[in-house]
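This report concerns only the one structure given below.
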Amino acid sequence: MKMLTNSFKGTFIPPPFKNPFLFSAILAPFHSDSDSASHHRPQSVFDKITNLDDALQLFDQMTQRQPLPSVVKFTQLLQAVTKMQHYSSSIHLFKQMAAIRAPVDVYTTAIAIKCCCQMSCTSEGFAIVAYGFKRGIVPNVITFSTLLNGLILEDKILEAEGLFKKLIKEKLCEPNVVMYSTMIKGLCKVSINETAIALLRLMDERGCKPNVMTYSTIIDSLCKDEMVDDALKLFNEMVLHKGILPNVVTYTSLIRGLCISGRWDDASKMLREMEDERISPNVITYNILVDALCKEGMAEDAEVVLNIMVDRGKLPNLVTYNSLIDGFCLLGDMRKAKEVFDLMKIRGHVPDVVTYSSLLNGYCKKSMIDEALHLFHEITDKGIKPNVVTYNTMLHGLFHVGWCKDAHELFNEMRAHNQIPPNAYTYRIVLEGLCNNHQVDEALSLFRLMGENKHDLDIVLYNILIDGASKCGKPDISMVLFNELSTKGLHPDVWTYNVMIGCFCREGVVREAKRLFLQMEEKGCQPDCVTYNVFLRGLLKNGQHDTIKMMLEEMDAKSFKIDASTCSMLLDRISSTSLDDSLLKLIDYHAFDIRASTMEVSLGVCIKISTETPRYLTGKSPTLNGRWADASKMLKEMEDKGISPNVLTYTILVDALCKEGKAEDAEVVLNIMVDRGKLPNLVTYNSLILTSSVCEVT
DNA sequence: GTAGGGTTAG
């Protein structure tokens, strides 16, 4: 709080009113003793205050009046300042009121407490309660709800729960629907949805009826945790059993939940349903659709949504444009991204750090490093403060093109200024960047330095290093790191095991890989699809064919799919007759979705460099479904980098084209690969044959 | 006459 007050320690020199008309309007009630004209006034003249300077000057006038204006006038002024979100000013005014013994009551203190809470200083809010006590102000359910909300905003859920229980136990106030809803929000914030629902039941039992906000809070939380079906169940209960009408927020949460679960049809049904109920989607609803479509690589569809919203009179805002720009950047379509960028400026929106970070990401992704660096400097020139995401994006871009020295300098700049401290992602990007550029030793020494600085040494960083060391031919480092996990109190996760199994297989120590494979299950870490694929490739590579059949059967039982490179290896071994071709039956070609996830794995090198970049930052995996333009660009990019496509690369293209019904194009690719001296293999022909036979039947 | 809770972006 000292910090807050310090910024105000100078004397108050009220600036001239920006709006003289407003000045007289506000002062009018104080000049006349008669209130006869009061019913012609709007509800409160304080509503008319639109800027802080006017409010501060008015406050100054009020404090000089004799006698002082009523507590209500002061409270209204304080509320006006608070509504403008000038929380620190509100607190300052409240303190001035206290200093001059201006009247305060339970309403005034509630506003001041809210301001403290909004500034993440809930403890100051409690101090105000104590101050109020001294002046005979008894906190009520609103005061406590505000404090409860403050603790939740600060992520102090346990303390919030403690306060909530104390209030009930000591009968300090009777919780009402707002207080219950606030506590429910806190529980939802840490994803304890079951407890939140239990509290919903409890309040009902205690005779406090939940309302649409209470339900919406839980529905939203379930949606965020991708438990949309549970959310829909609760939605039905609310509407059908409790007769509570959903509103735009309820629908918006559900639509978002359906979108993130990829349930586009259901999302559009829900949109129709809400419109049938005559609830208009608002800007947020539309923005969610725009954003979800962009994240799925459907920026063009998102643009259609944007135009629909304009048609319906809902003006897109900064968030809308930022999502769309990001969407086109993700697609690598910088021309469209720039087009939207220009459009938003024409329509009067000022691009912010998010806008610029997206564009930066787009340039980095396309290896347009000069453009990226130019933009990076332009951001500061425009007076926009780059944030940690901006820096992370730039760092990622520099590593991606192998400019390790520049990346290192930028990283040092971040650390030196301490204005923008690196976060967990920064360290991931830097360590991974160094490893990808064969600088494992640098990565390792940086990592050790971080340990001294007591940075979060999480399992993800270990995974990056273990993998990096192994891939750079330093398996001994991988082993050391893996073995020290337990001394750091860290538990290997499925990634760690996958990386280590891959490491042992690479080194030809299949026995050790197998030991880990068995160990992970014992330790409660279930092998995933990647584990099986990695291990299977290890077995194939090292000629250990005896357990392969069993592995394939296990994968089948768990519905894990074989990825492209495993499949290719397997077929290669079968065709070279060292493996029983009855195994072919175990490879389900129809289930072999080579287009999307497999493509990522097989084109690993390229994808790592480019497509994964933005998704990596958001923690989601890329989807390349139907992104032909991108695929072809990627092919060009890899050729530009001197990486020749191999049989697998071509086969993926052939298969993807076949699955899209473009068998003729696939045949062209087949001819190209032959021309370039890459011989089509069994999978290549199978893809083509499968398509032709389907065509003939239908 | 004056106070509290739920939905969107990198």
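As the structure is a computational prediction, the values presented were derived from the model and not from experiment. To find a chain, count down the sequence lines: A is the first, B the second, and so on, and within it residues start at 1.
Residue A:Asn361 contributes atom CG, which lies 17 Å from atom P of B:dA9 at whole-angstrom precision. One interatomic measurement links the two molecules: OH of A:Tyr321 to C1' of B:dG10, which rounds to 18 Å at whole-angstrom precision. Taking atom CD of residue A:Glu296 and atom P of nucleotide B:dA9, one finds them 15 Å apart after rounding to whole Å. Here B:dT8 presents its P atom at 11 Å from CG of A:Asn282, a figure rounded to the nearest Å. A:Met179 has its CE atom 12 Å from the P atom of B:dG5, to the nearest Å. Separating the CG atom of A:Asp352 from the P atom of B:dT8 is a distance of 17 Å, rounded to the nearest angstrom. At whole-Å resolution of the value, CG in A:Leu254 and P in B:dT7 are 13 Å apart. Taking atom CG of residue A:Asn287 and atom P of nucleotide B:dG10, one finds them 12 Å apart after rounding to whole Å.
Between the base of B:dG10 and the side chain of A:Ser358 there is no donor-acceptor pair shorter than 3.5 Å. Below the 3.5 angstrom threshold, one finds no donor paired with an acceptor across the side chain of A:Asp105 and the base of B:dA3. Put simply, the side chain of A:Thr217 and the base of B:dG6 share no donor and acceptor less than 3.5 Å apart. With hydrogens and angles ignored, a donor-acceptor pair closer than 3.5 Å exists between the side chain of A:Asn247 and the base of B:dG6. Taking 3.5 Å as the limit, the base of B:dG4 and the side chain of A:Ser145 contain a donor-acceptor pair of atoms between them. One can find a donor-acceptor pair under 3.5 Å joining the base of B:dT2 and the side-chain atoms of A:Thr75.
For A:Phe164 and A:Phe144, the ring centers sit 6.0 Å or farther from each other. Two rings, from A:Tyr425 and A:Tyr391, have their centers 6.0 Å or more apart. The ring of A:Phe341 has its center closer than 6.0 angstrom to the ring center of A:Tyr356. Ring centers of A:Phe74 and A:Phe94: at least 6.0 Å apart, outside the cut-off.
Checking the phosphate oxygens (OP1, OP2) of B:dG5, no side-chain nitrogen or oxygen of A:Lys185 falls inside 4.0 Å. Distances shown here put a side-chain N or O of A:Gln79 below 4.0 Å from the OP1 or OP2 atom of B:dG4.
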Legend entry - A:Met179/A:Met183 under side-chain contact (heavy atoms from CB on, under 4.5 Å): CA gap, chis, key distance, verdict: CA-CA 6 Å; A:Met179 184 172 267; A:Met183 191 64 244; 5.8 Å; no
